Amino acid sequence: MTTALRPDVRIAERAGFCYGVRLAIDKAKQAREEGKDVTTLGQLVHNQGIKADLAERGIRTADLADQVEGGTLVIRAHGVPKSEFDRVKQADGLEVIDATCTWVLQSQKAAQELAEAGYTVCIIGHEDHPEVKGVRSYAGEKHVVVDDMDRSTWERVPRTKKIGVLSQSTILPNKLEEFAAFCLRRCHDLRVVNTVCPVTLTRQDQSVKLAREVDAMVVVGGKNSSNTKELAVKCRGIQPETIHVADADELAADWADWLRGKPRIGITGGTSTPEDDLEEVRERIYVLTA
Ligand code: SF4
């Protein structure tokens with residue numbers, strides 16, 4: 001009987017939760033441990049294991065602030081639109097814990113400053129992403145949002161005197177550069193604020209480095225997590241043998257053939273993917289290739 005050689009499975013450096021997500025989770029847990037009746041506004045994280053853990057602790061999630069009648073409301077790292085923030089802050093009997101990430105707060109501030117200075121704010125990101133919904137609420141009436149993956153939406157950028165460019169924190173930096181160059185041809189005065197999160201950048205750099213060194217990449221994270229999808233696109237650009245799975249359970253027996261015969265396999269994850277999930281995927285790969 002022959003035994004299959006165990007692949008060399010490496011996890012990218014700097015993978016695991018980003019500090020913004022970690023802080024939001026810690027704040028919610030701490031409030032609950034203090035005996036508060038805690039509800040988060042939207043999911044703190046796109047991760048089934050963490051969602052289950054929070055639910056077990058008695059931390060609820062509401063999609064809309066109107067559904068929360070009292071207790072403690074945690075605003076997640078993505079932030080919320082200004083009108084919603086003002087509303088919950090003024091609501092009677094509701095304590096608000098603002099866990100908006102400092103990087104997102106900086107984007108909101110930049111949007112407001114640009115709008116107040118007369119710039120048409122142009123945001124590159126995903127229109128339906130909560131972070132973008134929040135940032136655009138500070139960007140004045142003239143702002144536009146364009147999609148990084150759909151260039152036809154870039155035509156929304158007006159020909160005008162002053163344009164201010166911002167991006168969703170998880171957009172690939174080369175997309176921001178490309179978009180800024182596009183806007184330069186439509187205005188006289190261009191201001192670009194680099195709002196790509198450094199955590200995302202480092203993670204991407206480390207993942208790309210790993211993708212170059214291995215025969216296959218497994219990107220782990222929620223299927224609706226924007227930064228995980230971006231990471232998968234980036235890795236696939238380097239290593240075509242890249243798959244995106246939500247968790248170890250998705251890496252079922254069907255993938256065994258794909259994994260076998262790949263001596264070096266890399267793993268990375270989005271900002272909402274905890275280290276434990278990456279370790280679980282590593283163990284699953286060992287089982288499937290044994
Ligand atoms: S990815 Fe960056 S901007 Fe987004 S929550 Fe994490 S640290 Fe903050």
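For clarity, every value in this text was computed on a predicted model and none was experimentally measured. Whatever order the structure lists ligands and atoms in, that order sets their numbers, starting from 1. All heavy atoms count here, side chains included; hydrogens, waters and symmetry mates do not.
- Partners of C197 under the side-chain contact (heavy atoms from CB on, under 4.5 Å) rule, at least two apart in sequence or in another chain, are S169, V199, T200.
- Taking the salt bridge (charged side-chain N to carboxylate O under 4.0 Å, His left out) definition, one finds that K223 meets it with E250, sequence neighbours left out.
- The ring-ring contact (aromatic ring centres under 6.0 Å, His included) analysis of residues 62-120, with sequence neighbours excluded, yields the pairs H78-H129.
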side-chain hydrogen bond (donor to acceptor under 3.5 Å, both in side chains) for Q30 and E34? Distances and angles first, verdict last.
CA-CA 6 Å; Q30 193 188 332; E34 287 166 6; 3.2 Å; yes
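- Within the 3.5 Å criterion, the main-chain N or O of S167 finds a donor-acceptor partner in the side chain of T195.
- Taking CD1 of I97 as the start and CG of L41 as the end, the distance is 13.0 Å to the nearest 0.5 Å.
- Panel detail: atom 2 (Fe) of ligand 1 has protein N, O or S atoms under 2.8 Å away, 1 in number.
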